[in-house]
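Here the structure is a predicted model, which is why all the values come from computation and not from measurement. Order of appearance sets the numbers: ligands from 1, and atoms from 1 within every ligand.
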Amino acid sequence: MYTAYVADTPNGRKLIIALEELGLDYRVRHVDLGAGEQFAPEFLQISPNNKIPALVDERTGQGLFESCAILVHLGRVTGKLIADEDVVLQWLFLQAASVGPMLGQLWWFRHAAPERNQMALDRYMRETQRLYGVVERRLAVSAWIAGDAYTIADIAFYPWLATYDELGIAPRDYSHVDAWLRRIAERPAVARAQSKMRKV
Ligand SMILES: N[C@@H](CCC(=O)N[C@@H](CS)C(=O)NCC(=O)O)C(=O)O
């Protein structure tokens, strides 16, 4: 049994999709980011960078933080959704180091900034478009992000790239990404994860 500490954000959705895809037994603990629960001392013991998601394996007491590290752990212990690990890791690092931070900043400057900052909006929009372009070129030559099989790399990118509306990105400009998003959205595990996250 696992406990998944999440909020309904792209990084939280990744973990729930992975747990559903892998058919693992888990319960959800909602971390209310607006109320500052990510700074609670008990939570910081599991996630020292005060961010969701985090995962605790209740059988062993092992706690994990950083969404992509958690996905790798789950892939390794189940032997599923990880395929060629070297390839998967490269894409996971790109997601964690660039796609999450850049799209996250664009979202913040569009929806949460107390005042409009055109320079920041332009910079993060350019980076976001560039990153959608990187994935577009990859999916033009590869069925899935890390090769021929659906893996945790797809799970890591999906909840971020699926937020195109909120980011002001037109899916028609990235036809391979658009088709890949639709294929993933049709997966039963992804639909189950979305409905769980709506309750969160
Ligand atoms: N690199 C981290 C990023 C996690 C992250 O940014 N989580 C956000 C929600 S999507 C968060 O918990 N924010 C709360 C805060 O910064 O106080 C990961 O992939 O797990």
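When Arg13, Glu66, Gln38, Lys51 are checked for heavy-atom proximity to atom 1 (N) of ligand 1, Glu66 turns out nearest.
Scanning the protein heavy atoms around atom 10 (S) of ligand 1, the nearest turns out to be Thr9 OG1, 3.0 Å. Ranking the protein heavy atoms by distance from atom 19 (O) of ligand 1 puts Ser67 OG, 2.6 Å first. Counting only heavy atoms of the protein, atom 3 (C) of ligand 1 lies nearest to Asn11 ND2, 3.6 Å. Protein heavy atom in closest approach to atom 7 (N) of ligand 1: Ile52 O, 2.9 Å.
A salt bridge links Arg182 with Asp178: the distance from a Lys NZ or Arg NE/NH1/NH2 to an Asp or Glu carboxylate oxygen falls below 4.0 Å.
Using a 30° and 60° split on the angle between ring planes, Tyr158 and Trp180 fall in the perpendicular class, above 60°.
Both the backbone and the side chain of Asn50 come within contact range of ligand 1, each with a heavy atom under 4.0 Å.
Residue contacts with ligand 1 include Pro53, since one or more of its heavy atoms lies under 4.0 Å from the ligand. Put simply, part of Phe39 is less than 4.0 Å from ligand 1, judged by heavy atoms.
The main-chain N or O of Val31 is never found under 3.5 Å from a side-chain atom of Glu37 such that the two would form a donor-acceptor pair. Distance alone, capped at 3.5 Å, places no donor-acceptor pair between the Asp8 side chain and the Arg198 backbone.
Residues Val56 and Val77 do not share a hydrophobic cluster, defined by chaining ILVMFWY side chains whose heavy atoms lie under 4.5 Å apart.
The only option from Arg187, Lys80, Lys14 that meets the salt bridge (Lys or Arg N to Asp or Glu O under 4.0 Å) definition with Glu21 turns out to be Arg187.
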